[in-house]
Amino acid sequence: MNAQIRQTAANEWEIPRGFVPGMRVPGRFFLSKNLAETLEDGALTQLANVATLPGIIRCSLGMPDIHWGYGFPIGGVGAFDAETGVISPGGVGFDINCGVRMITTPLHVSDIPDMPGLIEDLFTAVPTGVGSKSPCRLSQQDLTGMLENGAKHAVMMGYGTERDILRCEENGAMDGAQPEHVSKKARQRGIPQCGTLGSGNHFLEIQTVDKIEDQETADLFGVTEGQICVMIHCGSRGLGHQVCTDHLQILEQAVHTYGIELPDRQLACAPLSSPEGEAYFGAMAASANYAWANRQIITHIVRELFVKKFRIEYEEMPLVYDVAHNVAKWEEHDVNGVRQNVCVHRKGATRAFGPGRRELPHEFQGCGQPVIIPGSMGTPSYLLAGTKGAMEKTFGSTCHGSGRVQSRSSAKKSQTGEEVARALLAQGIVVRAPNQAAIAEEAPEVYKSSSEVVRTVHDAGISRIIARLRPLGVIKG
DNA sequence: ATGTGC
């Protein structure tokens, strides 16, 4: 560990002010001894850079899956004061509201004798890969509806149930969406892509619950051992990417307009209260809503396939929860003992609200929200719960996944897609992707261990492990 | 992440 970094608890570290010039607050991050060697110098510097931004509250935060990203590190959290703070696309990420949802089924492993067949059918039903095209013909009006009302609009169109909405963070639609700040170009990319999985680390996975660590909370979440589940990981596709690109350009100018000094151009931002900052927030919220609609439509496609194939009822595949990984949101938090409305940026980080938060459905008031942490291809995913500790230490946030440790190009050099797929099949995991390179780039070896990341946040008390899920079949984008 | 890069 860098000599300037101070250890403050078993898995907790502090970057002191002065690590980079202009830090207004310290940086803090969570990392176990085993993960220490995965920490990149660049990510550490980025975490310190975030602490220089105007109006940042208490500290910049890094989760154990931290790695180098655009401006902010991935696995980064920053909360900003409503009056003096800024909003930054680099603190949200290009894939606005990249997120993950988990659906349970009444099936067990023995009910799916032909996993390759199921995966093939799902691969055909859910458009996958770069530039894949939508299964639904979306009108301009429906696109606007999705930008304004997210998953609610998708349900209104017939893609899901009223109950689904209650099981999405923000009820599947953020307040403050302003479709008028989503460019025509972004809309053009969004229309043909809604209901598509995308590429990279996005996936659709068939899993089984193989270990319950907290039976009481698992019961509340509706999860039982041996059950087959579906996990969907995707975001706002080309639309969110275009919104980020468009507004970065505007905010790079705003940096000069408002005389903001930045250690890195990629931290382009504007005051939360400025027209430029408000425009980005409105467009970002609209993109987040599009992503919720996207995951909702994919959920519907999967349910229809299961209903037909396994002769079950649509309602027998309830949504456990849907969480956002890349978003900035207004939330109330305690700041120096005062309840304050702050703008929390989570980039590659998950909300982990503990018991008693009014945003949560009544059934989760006592146990905290479900937190879904996807593993890499072939490694376990986890269902966690939010905690009081997260409210106190991390503005109600935890990790989002495993975190890449090897570049895509390097991954392709070390193994071919065929080799990776064969190794996974030997472990009983079926993999399907549009091309072999996609599989090589996502080999389990290129990621930090999801188990180690999850263990770290559990031990630090910023979420707690409820159940572990083992992959059986994976569709990669 | 991304109709993937100047």
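We name chains A, B, ... by the order of the sequence lines, and we start the count at 1 in each one. Every heavy atom of this structure was used, including side-chain atoms; hydrogens, water molecules and symmetry mates were not.
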With DNA chain B as reference, determine whether Gly200(A) or Val130(A) sits nearer its 5' end, using the nearest nucleotide of each.
Gly200(A)
Looking for any heavy atom pair under 4.0 Å, which part of the strands does Gly238(A) touch: base, sugar-phosphate only, or nothing?
sugar-phosphate
With sugar-phosphate meaning primed atoms plus P, OP1 and OP2, does Gly235(A) contact a base, only sugar-phosphate, or nothing at under 4.0 Å between heavy atoms?
nothing
Exam field: side chain Ser274(A) to backbone Ala270(A), donor-acceptor pair closer than 3.5 Å:
no
Is it true that Phe364(A) and Phe221(A) have ring centroids separated by less than 6.0 Å?
yes
Could you tell me whether Lys347(A) contacts a base, only the sugar-phosphate backbone, or nothing, with contacts defined as non-hydrogen atoms closer than 4.0 Å?
nothing
Euclidean distance, atom CD of residue Gln188(A) to atom C1' of dT2(B) [Å, nearest integer]:
16 Å
Salt bridge (Lys or Arg N to Asp or Glu O under 4.0 Å) evaluation trace for Arg303(A) with Asp164(A):
CA-CA 12 Å; Arg303(A) 282 177 175 154; Asp164(A) 292 339; 2.8 Å; yes
Can you tell me how far C1' of dT2(B) sits from CG of Asn326(A), to the nearest Å?
13 Å
Atom-pair distance (CD on Gln242(A); C1' on dT4(B)), nearest Å
13 Å
Separation of atom CG in Asp95(A) from atom C1' in dT2(B), rounded to whole Å
9 Å
Give the rounded distance in Å between these two atoms: CZ of Arg237(A) and C1' of dT4(B).
12 Å
Can you tell me how far P of dT4(B) sits from NE2 of His241(A), to the nearest Å?
10 Å
Within the side chain of Asn49(A), is there an N or O that forms a donor-acceptor pair under 3.5 Å with the backbone of Phe72(A)?
no
At 4.0 Å (heavy atoms only), tell me whether Arg408(A) reaches a base, stays on the sugar-phosphate, or touches nothing.
sugar-phosphate
Under 4.0 Å from OP1 or OP2 of dT2(B): is there any side-chain N or O of Ser199(A) that close?
yes
Provide, to the nearest angstrom, the distance between the OH atom belonging to Tyr70(A) and the P atom belonging to dT2(B).
17 Å
